[in-house]
Protein chains: 2
Amino acid sequence: MSIEKVAHLAGVSKATVSRVLNHNPGVRPDTRAKVLAAIDICDYQPNLLARQLRTAQSHMLLVLIPDITNPFCSRVVQGIEAEAEAQGYHILLCNSGSQLRREAAYIALLTGKVVDGVITMDAAACLQELKELIGDAPWVQCAEYDPSIAASSVAIDNKEAAFETVCYLASKGRRRIALVNCDMRYLYSHQREEGYRNALEKLDLNWGSVAYAENVSCDAGSAALRELLMLPERPDAVFAVSDVLAVGVIHAALEAGLRVPEDLAVVGFDGINFTSSLNPPLTTIEQPMNRMGARSVQLLLNRIRQPNSPVVHEVLPWKRVERASS
Amino acid sequence: MSIEKVAHLAGVSKATVSRVLNHNPGVRPDTRAKVLAAIDICDYQPNLLARQLRTAQSHMLLVLIPDITNPFCSRVVQGIEAEAEAQGYHILLCNSGSQLRREAAYIALLTGKVVDGVITMDAAACLQELKELIGDAPWVQCAEYDPSIAASSVAIDNKEAAFETVCYLASKGRRRIALVNCDMRYLYSHQREEGYRNALEKLDLNWGSVAYAENVSCDAGSAALRELLMLPERPDAVFAVSDVLAVGVIHAALEAGLRVPEDLAVVGFDGINFTSSLNPPLTTIEQPMNRMGARSVQLLLNRIRQPNSPVVHEVLPWKRVERASS
DNA sequence: CTGTTAGCGCTTTCAA
DNA sequence: TTGAAAGCGCTAACAG
């Protein structure tokens, strides 16, 4: 089932079979027909490895994600996959848990020519180490990026989104607005906290408080709220930097006998699917997850096709989705 | 940076470099040292494509999933990925949306030797078509399988789980137990419905009703409940074949002014993460998602390493997790 | 329009 | 213990 057998069967040379396979013009119709018939008759499947080795491109993209079970990540991956497929590329997934050892194993595939480029979603704090491994292979940083690294990025304006969210809550009459943040390895946690603080200042709100969740899970969100509820003056609104945390916040609030939104307004971040089916439905800042993924692929392919195309830092729009929780 | 350059630099032959690379015994220590030094000096990275072509194995596994944003799927993928990595394999992800065209493009990588085997999570109804494409390449069916296909499978006993769940609800005093099912392309939807009906019969419950959700989403779950609430006699319990549907059921129930569980008990299926942070927390039938993924990898590797090892249909245990919704 | 030939970079006999 | 040489299956000059 190699190209040579097909050539024999069709009574032509390997080169001609190759031409037919690659839709090369300049093959006489009847020759083409002979070849096609031979291919059909022996159910020939080209060995893609050999082709990739020869052409020095694999049409595969590596995607490094900290946690595929995080709904935000999986939606972005969906966008990546769809766009990659549309452009004739396949994706190789590494669910890294942000463990450098696992990532290194996958990045060896990059240097080993098994993939043509890489998209990362790792926390900004890991990016310098990744830089060491990736070198200057084609690379796009998605959602999280390190401004000092010369690789393109796709993200939203987190500072602005956070600023506007606090203003929104204030406009609803809230005066004690707390932030539920996660750990500071993420660029977004810095940026959203900065937006939060700027807004408090701008609005002359003298009450402010930040609780840090141990990780991005519902339980950690609940724990963060319980912490806030122990304050001498309780918050009347919570802005959580992720929907998953917000789910935990609402859960703990109801458990503590508070009404949402009457006693405590809650706003989340990301716009993952099921938040509209919570009780109450969650107000959130929606990120264009599919588009972030798709755009990352486009920038990466630009880079792959024209290695010295400029690095770009793309900022995509976000959107507030108002629901009953605020 | 080819193996040849390294050989030159070290003053040995390509073969020797290859031996060192593959930790082949029978290389004199000082020769090895020379080679290692040369590798280091020119920062050599082996071309994995060439190696794969030569050895005729890629150490890559293809994973076909209908929807990566479905939390059940992403948890299984997590298990697959972890086990694959532990065994020195990488995974290539196809988020197919159950579109045969997309799957075919990925399966070409199987026949094209880019991957060594495939794990599918597609609905049973698609499996015969996939069989055509996959032929007799190493294949494991995960969660969904077609008993008539000669490929191994990993799943739970859905009929039993559904049967027991209805008995459990009945033991809590429920008498009008409805089923919220999804479309019947899935094997599990048949099996769980069968278990449900068997239990009604066994328990002499003469009230029974099934609502079919259009797809596996919260909204579809809500719609299904609304349908059930229009019945002359309303259910006092709902068993949903997926947690995502159950979230929608609870949402619609509360919206309709019902109390959960007082007026309506709700049980879900799968055991995805955030259901314990709902209000009320969801009772569910937990599937061993990580383990299902991991076991699939093991069976697949058995098959890859010993092509005529027997086909096995593995049945894993499930577990009821009782929470406040029932 | 088609065939011949030379590799892509690696592993693996077979000899020495 | 090491080297020479063949070849995995394909594509891409270069001739004809």
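No hydrogens, no waters, no symmetry mates; every other heavy atom, side chains included, goes into these values. Chain letters run A, B, ... following the sequence lines, proteins first and then strands; every chain starts at 1. Note that the structure is a prediction, hence the values are computed from the model and not measured.
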In this structure, how many angstroms lie between the [atom2] atom of [N] and the [atom1] atom of [X], rounded?
X: A:Q57; N: D:dC10; atom1: CD; atom2: P; answer: 17 Å
X: B:R28; N: D:dT1; atom1: CZ; atom2: C1'; answer: 7 Å
X: A:L49; N: D:dG7; atom1: CG; atom2: P; answer: 20 Å
X: B:H8; N: C:dG9; atom1: NE2; atom2: P; answer: 15 Å
X: A:N24; N: D:dA12; atom1: CG; atom2: P; answer: 8 Å
X: A:K113; N: D:dC10; atom1: NZ; atom2: P; answer: 22 Å
X: B:N22; N: C:dT11; atom1: CG; atom2: P; answer: 5 Å
X: B:L53; N: D:dG7; atom1: CG; atom2: C1'; answer: 9 Å

Checklist entry - Is B:K14 touching bases, backbone alone, or none of the nucleic acid, heavy atoms closer than 4.0 Å? => result base
Side-chain donor-acceptor pair under 3.5 Å between [X] and [Y], yes or no?
X: A:N95; Y: B:E81; result: no
X: A:S148; Y: A:Q128; result: yes
X: A:S96; Y: A:E103; result: yes

Checklist entry - In terms of heavy-atom contacts, does CG of A:D30 have more than 12 from other residues, nucleotides or ligands at under 6.0 Å? => result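 More than 12 heavy atoms, drawn from other residues, nucleotides or ligands, come within 6.0 Å of this atom.
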Next on the checklist: I want to confirm an ordering. Mapping B:A15 and A:A15 to their closest nucleotides on DNA chain D, which one lands closer to the 5' end?
Outcome noted: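 It is B:A15 whose nearest nucleotide is closer to the 5' end.
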Would you say [X] places a side-chain N or O within less than 4.0 Å of OP1 or OP2 belonging to [N]?
X: B:T16; N: D:dT2; value: no
X: A:S13; N: C:dT4; value: no
X: B:S2; N: C:dG9; value: no
X: A:R54; N: D:dA12; value: no

Next on the checklist: Could you check whether the side chain of A:R19 and the base of C:dG3 have a donor-acceptor pair of N or O atoms closer than 3.5 Å, going by distance alone?
Outcome noted: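 Such a pair exists between side chain and base.
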Checklist entry - Between D:dG3, D:dC10, D:dT1, which nucleotide has the shortest distance from any of its atoms to the side chain of B:T31? => result D:dT1
Item to check | Non-neighbouring partners of A:A10 that pass side-chain contact (heavy atoms from CB on, under 4.5 Å), sequence neighbours left out | outcome: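 side-chain contact (heavy atoms from CB on, under 4.5 Å) list for A:A10, sorted by chain: A:V12, A:V35, A:A38.
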